[in-house]
Amino acid sequence: MTVKSTTRARKKAAPAVPDTLPPVLSEAQSSESQPDAQPELIQLLTPEGIRVEHPDFPLTTTPEELRSLYRDLVLVRRFDAEATSLQRQGELGLWASLLGQEAAQVGSGRAMRTGDYAFPTYREHGVAWCRDVDPLNLLGMFRGVNHGGWDPNEKNFHLYTIVIGAQTLHATGYAMGITKDSADDAVIAYFGDGASSQGDVSEAFTFASVYNAPVVFFCQNNQWAISEPTTNQTRIPLYRRASGFGFPGVRVDGNDVLACLAVTRWALDHARSGNGPVLVEAFTYRMGAHTTSDDPTRYRATEETESWKVKDPISRLKAYLEHEGLADEAFFAELEAESEQLGLRVREGVRNMPDPDPTLIFDHVYAEPHTLVDEERAEYEAYAASFEGGENH
Amino acid sequence: MTVKSTTRARKKAAPAVPDTLPPVLSEAQSSESQPDAQPELIQLLTPEGIRVEHPDFPLTTTPEELRSLYRDLVLVRRFDAEATSLQRQGELGLWASLLGQEAAQVGSGRAMRTGDYAFPTYREHGVAWCRDVDPLNLLGMFRGVNHGGWDPNEKNFHLYTIVIGAQTLHATGYAMGITKDSADDAVIAYFGDGASSQGDVSEAFTFASVYNAPVVFFCQNNQWAISEPTTNQTRIPLYRRASGFGFPGVRVDGNDVLACLAVTRWALDHARSGNGPVLVEAFTYRMGAHTTSDDPTRYRATEETESWKVKDPISRLKAYLEHEGLADEAFFAELEAESEQLGLRVREGVRNMPDPDPTLIFDHVYAEPHTLVDEERAEYEAYAASFEGGENH
Amino acid sequence: MAGQLSIAKALNEALRKSLENDPKTLLMGEDIGKLGGVFRITDGLQKDFGEDRVIDTPLAESGIVGTAIGLALRGYRPVVEIQFDGFVYPAFDQIVSQLAKMHARALGHVKMPVTVRIPFAGGIGAVEHHSESHEAYFAHTAGLRVVTPSNAHDAHWMLRQAIASDDPVIFLEPKRRYWDKGEVGDSADLGLHSARVVRPGADATLIAYGPMVKVCQEAAAAAEEDGRRLEVVDLRSISPIDFATVEESVKRTGRAIVVHEAPVFMGLGSELAARITERCFYHLEAPVLRVGGYHAPYPPSRVEESYLPDLDRVLDAVDRALAF
Amino acid sequence: MAGQLSIAKALNEALRKSLENDPKTLLMGEDIGKLGGVFRITDGLQKDFGEDRVIDTPLAESGIVGTAIGLALRGYRPVVEIQFDGFVYPAFDQIVSQLAKMHARALGHVKMPVTVRIPFAGGIGAVEHHSESHEAYFAHTAGLRVVTPSNAHDAHWMLRQAIASDDPVIFLEPKRRYWDKGEVGDSADLGLHSARVVRPGADATLIAYGPMVKVCQEAAAAAEEDGRRLEVVDLRSISPIDFATVEESVKRTGRAIVVHEAPVFMGLGSELAARITERCFYHLEAPVLRVGGYHAPYPPSRVEESYLPDLDRVLDAVDRALAF
Ligand SMILES: Cc1ncc(C[n+]2csc(CCOP(=O)(O)OP(=O)(O)O)c2C)c(N)n1
Ligand SMILES: Cc1ncc(C[n+]2csc(CCOP(=O)(O)OP(=O)(O)O)c2C)c(N)n1
Ligand SMILES: [Mg+2]
Ligand SMILES: [Mg+2]
């Protein structure tokens with residue numbers, strides 16, 4: 001079933017443009033001040049699982065592709081849940097759950113070509129999945145055995161970046177390099193609604209725009225930056241930030257994997273074709289705590305969280321698959337089994353993850369020899385050896 | 001003589017919005033991509049000295065006010081020229097000339113009320129003039145006797161800030177304080193086209209917008225950041241940056257003192273009335289070198305500079321005053337004399353500016369006592385005293 | 001302040017008192033409102049003092065410090081919270097070029113009573129950027145004052161003194177000690193920049209601050225069993241340093257060991273060693289030794305125990321000092 | 001390199017050679033294109049190598065370093081120019097948290113061959129922020145290498161070595177020596193991190209780097225007239241420090257004086273003093289003395305002569321060291 005979309009963004013409490021604006025400005029500002037003037041939220045699959053068309057973002061998908069996307073969503077969520085429980089069991093020091101953001105990540109992740117490159121925050125486990133990064137790799141830093149440590153160039157998936165916004169500049173620089181290489185790859189820089197306030201993100205917008213770099217800025221607006229709602233970061237919808245820097249911005253339903261796929265695919269192609277950056281705001285929701293250290297009951301109402309449950313990215317695709325008969329029971333059963341397998345593999349993998357040797361401290365401070373590090377390593381080793389002989393204090 | 005304005009901004013070589021944009025975006029972007037869609041450059045006085053009306057920015061002025069503005073422009077230019085020649089004579093280490101930007105500074109400076117507060121860069125000598133700051137105060141840092149050193153609260157004119165963009169955050173914080181005090185003052189934060197790229201400026205936009213702070217961001221786009229043209233900072237007109245942060249931006253003819261006055265006055269009132277920030281882009285031109293250390297022949301064509309001469313802010317107001325018979329020869333002659341007096345006072349003032357005692361180094365590191373500074377001062381004094389007795393090495 | 005308070009609670013009370021006593025005092029930071037900060041140091045304060053005085057800011061550290069400077073210029077007394085040590089660097093320019101220098105730039109005409117609170121140092125099993133000791137950067141920066149308490153009493157009173165100071169103060173909170181409890185006295189018994197001999201001894205002086213004071217106290221207790229009497233000096237203030245107290249102690253003991261988490265190379269220990277040697281040259285039986293982090297990024301938490309100075313490493317240094 | 005070159009020209013030639021030898025080398029910075037940089041170090045390079053390799057950037061230091069990191073990840077070898085010392089702080093987070101740590105974060109999988117050139121230190125009569133010596137911040141930061149030449153030969157070869165290095169290098173250019181001329185040899189005669197004894201002597205060792213080497217050489221020449229033979233060590237590398245060379249010298253002379261423009265408190269001199277004392281304890285006739293800037297913002301230019309170490313202040317310290 002396919003109907004025309006009439007969806008509008010949830011209205012945010014942005015201050016209306018005040019009456020004192022002279023006409024010339026009211027006019028110039030009109031697209032900013034009247035969110036209803038045009039469709040804001042691009043959607044291809046309603047929360048009820050009804051396929052709708054968007055004139056600008058046509059998408060044709062085979063049943064196999066749809067099942068594959070569904071599989072991604074389910075497995076990513078499963079992995080995430082496993083990690084959360086591993087944290088509770090003390091196997092991880094911390095976990096930043098992506099619960100609720102699976103569609104934004106899988107949709108954008110699957111939009112990438114092999115040669116494209118992703119620069120994640122610390123929450124893009126679903127993108128990592130699409131880039132074929134071993135989920136166990138992601139857990140090293142949360143377990144505390146490393147700070148990431150995978151080879152970003154192996155799967156074109158950069159290391160997790162914790163300092164908010166910093167990676168958007170790395171992404172932009174990488175994209176500038178693509179241009180220099182005359183390659184037709186593109187880059188996605190992930191960041192959050194909170195991150196949009198960081199100077200680095202605006203500087204990335206400036207560099208990308210001035211150098212026309214092939215980078216898609218993909219903002220998962222999950223409504224919260226730890227305890228701060230998006231209204232603490234901006235008084236207008238975030239996708240409009242791009243217009244101030246001279247490139248297009250769009251808001252997509254971040255819980256709609258098809259819309260995220262179509263919009264990101266378009267954005268990447270736009271960028272790789274020499275048209276410069278695009279900002280995609282995936283309007284979604286952080287269903288869980290910020291991290292396992294966080295307690296969201298202190299700052300947000302459960303009704304809000306409840307209200308987003310009906311927009312769940314997985315159940316809407318499942319409803320669609322079922323209504324349209326695109327997947328049978330065997331598919332769901334097999335997926336369930338695969339999911340269990342994944343959980344098991346992750347669980348065992350984490351538990352068997354060895355603690356690093358303490359000399360890791362000295363291993364990669366520099367790529368080339370360094371006298372001070374060498375001395376300190378030697379001192380450390382001599383000191384550690386003094387214990388091995390049993391000579392403790 | 002008054003005619004309707006038909007002026008348009010000089011078209012910048014901003015990349016057109018590419019064909020690949022889906023219709024929904026082309027629509028959303030239209031106001032950014034088609035600079036001709038609306039009047040960009042607000043002007044009340046043409047380069048030829050013809051008074052034009054702008055529907056949104058009515059301005060009534062008495063002949064006295066007009067003469068007073070003219071006087072400001074002339075005296076500010078004179079002061080600036082004097083400083084430039086004092087630098088050549090070795091009395092100053094450096095000078096950053098405002099030549100060509102007198103109207104932007106006097107127009108905006110005269111728009112302020114007594115209680116308003118200005119946060120300058122290092123080039124706002126004309127604003128300082130309007131704030132009644134003694135011009136000699138400004139020369140201390142360029143002579144090297146201090147880093148500014150005037151009391152900013154005396155005239156509500158903050159110290160010059162050299163680190164690009166940093167003062168926009170101070171201005172925003174100050175404006176947040178005004179709101180907390182429920183005062184109806186407003187703040188102007190000056191910055192340049194180059195500064196617009198600094199993260200701090202974007203962060204200031206975010207804070208001002210989120211807290212609805214009464215601050216006017218006044219960007220003098222003088223087309224150059226040392227040797228870099230504005231196209232190195234942005235691919236769309238700068239005033240549009242504001243729309244991305246949810247507040248109005250306007251471009252005014254920065255060589256038109258009347259337009260700068262009217263627009264800034266409106267912007268300050270808009271801000272002080274609780275409507276939040278405004279960005280004013282004063283479109284102007286740096287007629288001289290970046291500073292006396294700079295050599296613009298290395299990077300810009302003399303034709304460009306020549307083409308701006310005809311837009312001179314002073315001659316257009318003079319033409320208007322003369323055509324309309326608003327000032328007589330006596331006025332111009334008196335002003336000439338006053339101008340000479342000012343030059344003389346500045347020249348003598350600088351030459352008589354004493355070198356500070358070296359212990360200035362220790363004087364204001366902290367407001368409260370500090371053992372290390374006290375020790376170092378004592379050491380220094382003992383060391384210096386050892387020379388006074390003639391015991392040199 | 002009745003009874004035993006955790007350092008966290010002692011800080012919270014200090015903020016509350018400062019807000020009560022001076023209407024110009026403001027708190028600013030990320031998540032300090034409803035959440036009460038990730039360490040709950042501002043717990044309950046927004047509820048009691050309102051969103052106008054306990055301000056959740058946009059996620060932009062340069063913006064936080066920069067606007068705090070502006071508020072100070074308008075007569076306010078902002079207390080800024082940086083969420084973790086590793087997130088202060090985006091504000092580095094505002095701290096180093098603006099906050100630290102404004103008073104001098106204005107020839108004393110303006111004051112900068114801004115306190116920057118930073119939970120710092122390691123030992124809590126955290127991910128990258130959450131365990132750093134960057135006091136050396138701030139101590140090297142003229143115009144800043146840098147202090148760090150090691151116990152609840154000092155946490156409370158030093159924070160109140162820092163907020164009352166007309167100079168910018170970098171207030172480093174030893175996050176792994178937040179839950180350590182102690183008696184908080186009724187008044188500040190020392191100036192903000194005085195060191196304190198927390199354990200007297202005659203054989204060598206251990207010099208520490210913030211989180212390492214406890215380690216040194218434990219080391220001194222352990223050494224006592226071997227008949228070694230170690231004096232422990234809690235610096236409390238990192239800039240300026242109370243060298244009078246340090247000098248007096250080292251002249252008595254003849255040996256000094258400086259302990260901190262920050263990398264030894266260019267750490268506080270180097271300044272202490274240099275200056276102690278200058279002042280006590282003929283009293284020193286051994287060079288001033290330093291125990292600290294290695295010249296490496298703070299490591300993953302599973303090996304942080306090997307990076308951080310502990311009782312054994314302190315005693316190893318004591319052995320070496322005494323062997324001279 | 002025929003004949004005498006100024007340091008500025010030697011640097012320019014080093015950039016040119018690096019651009020010629022490796023197509024992945026890029027220059028980035030403010031005003032480095034047509035203008036050739038405010039000090040003309042990149043003069044003519046954009047003309048010869050194009051806007052694609054000599055890139056005028058937007059005015060945003062964090063953006064410059066951050067995008068340089070991204071370019072390095074893509075296989076490029078960026079050489080960044082920061083216009084003046086005082087303008088590097090907006091990039092501090094990208095330098096300290098990203099550039100310095102990326103290699104370790106990736107367990108060695110990625111390299112960060114980024115050179116950050118900064119004209120630093122004072123003595124040119126400039127306005128605020130144009131005369132700062134901030135090497136201590138960078139030296140304390142693990143993951144960075146920090147070097148500074150004192151003459152044209154080193155300027156040329158050390159810059160080429162820095163650019164060729166697979167680690168990030170903070171390359172500090174002593175701006176007041178840009179126009180000093182010297183012979184540039186045909187090859188690097190030392191590794192990037194080796195110190196050099198630039199004047200032999202037996203009575204005391206002067207240790208300096210960058211702009212202060214010349215001052216120390218002059219002081220040594222003046223002292224010779226009084227019959228004092230001062231050895232001068234040019235560190236060249238600030239991180240790591242070639243302590244082997246330093247130690248060998250101080251063990252011979254028994255006295256050391258460290259000279260730098262940066263504030264003494266927490267400056268390089270403190271690390272040198274601490275480590276020299278550890279390594280040469282029984283050889284030292286006097287504590288290691290330090291001559292440097294005061295704990296104050298760099299002052300207005302009309303009094304900078306009183307702030308900066310000069311021949312007299314160095315000799316005064318020599319007197320004090322010899323008086324022990
Ligand atoms: C520079 C910096 N400041 C503060 C933090 C602490 N911090 C970690 S995540 C976070 C909130 C980020 O919110 P958002 O950008 O919306 O991303 P989300 O966590 O919602 O995915 C904060 C404040 C940080 N990591 N980096
Ligand atoms: C953070 C920082 N980086 C670099 C500089 C050096 N610098 C001084 S002025 C200037 C150009 C500023 O251009 P713009 O903002 O357009 O102001 P204008 O000088 O044209 O008035 C530069 C790069 C600086 N002062 N601060
Ligand atoms: Mg968020
Ligand atoms: Mg400009």
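Sequence lines set the chain letters: A, B, ... in the order given, protein chains first and strands last, and positions in each chain run from 1.
Using a 4.5 Å cut-off between heavy atoms, C:A68 does not touch chain B at all. For C:L26, the part sitting under 4.5 Å from any heavy atom of chain B is the side chain, from C-beta outward, and nothing else. C:S62 touches chain B through backbone and side chain together, each having a heavy atom under 4.5 Å away. With a threshold of 4.5 angstrom between heavy atoms, B:A367 approaches chain C through its backbone and through its side chain. Using a 4.5 Å cut-off between heavy atoms, B:A189 makes no contact with chain C at all. B:P356 does not touch chain C: none of its heavy atoms, backbone or side chain, sits under 4.5 Å away.
Contacts from residues 159-166 of chain B to chain C, taken as heavy-atom pairs separated by less than 4.5 Å, involve B:L159, B:Y160, B:T161, B:V163, B:A166 in sequence order. Contacts from residues 149-158 of chain B to chain C, taken as heavy-atom pairs separated by less than 4.5 Å, involve B:G149, B:W150, B:D151, B:P152, B:N153, B:H158 in sequence order. When the heavy atoms of residues 121-147 of chain B are compared with those of chain C, the residues falling under 4.5 Å are B:N146, B:H147, listed by number.
Ring geometry, C:F92 versus C:F138: the interplanar angle falls from 30° to 60°, so the pair is classed tilted.
Remark: C:K34 pairs with no residue by the salt bridge (Lys or Arg N to Asp or Glu O under 4.0 Å) rule, at least two apart or across chains.
A distance of 10.5 Å separates CG of C:D242 from NE2 of C:H193, quoted to the nearest 0.5 Å.
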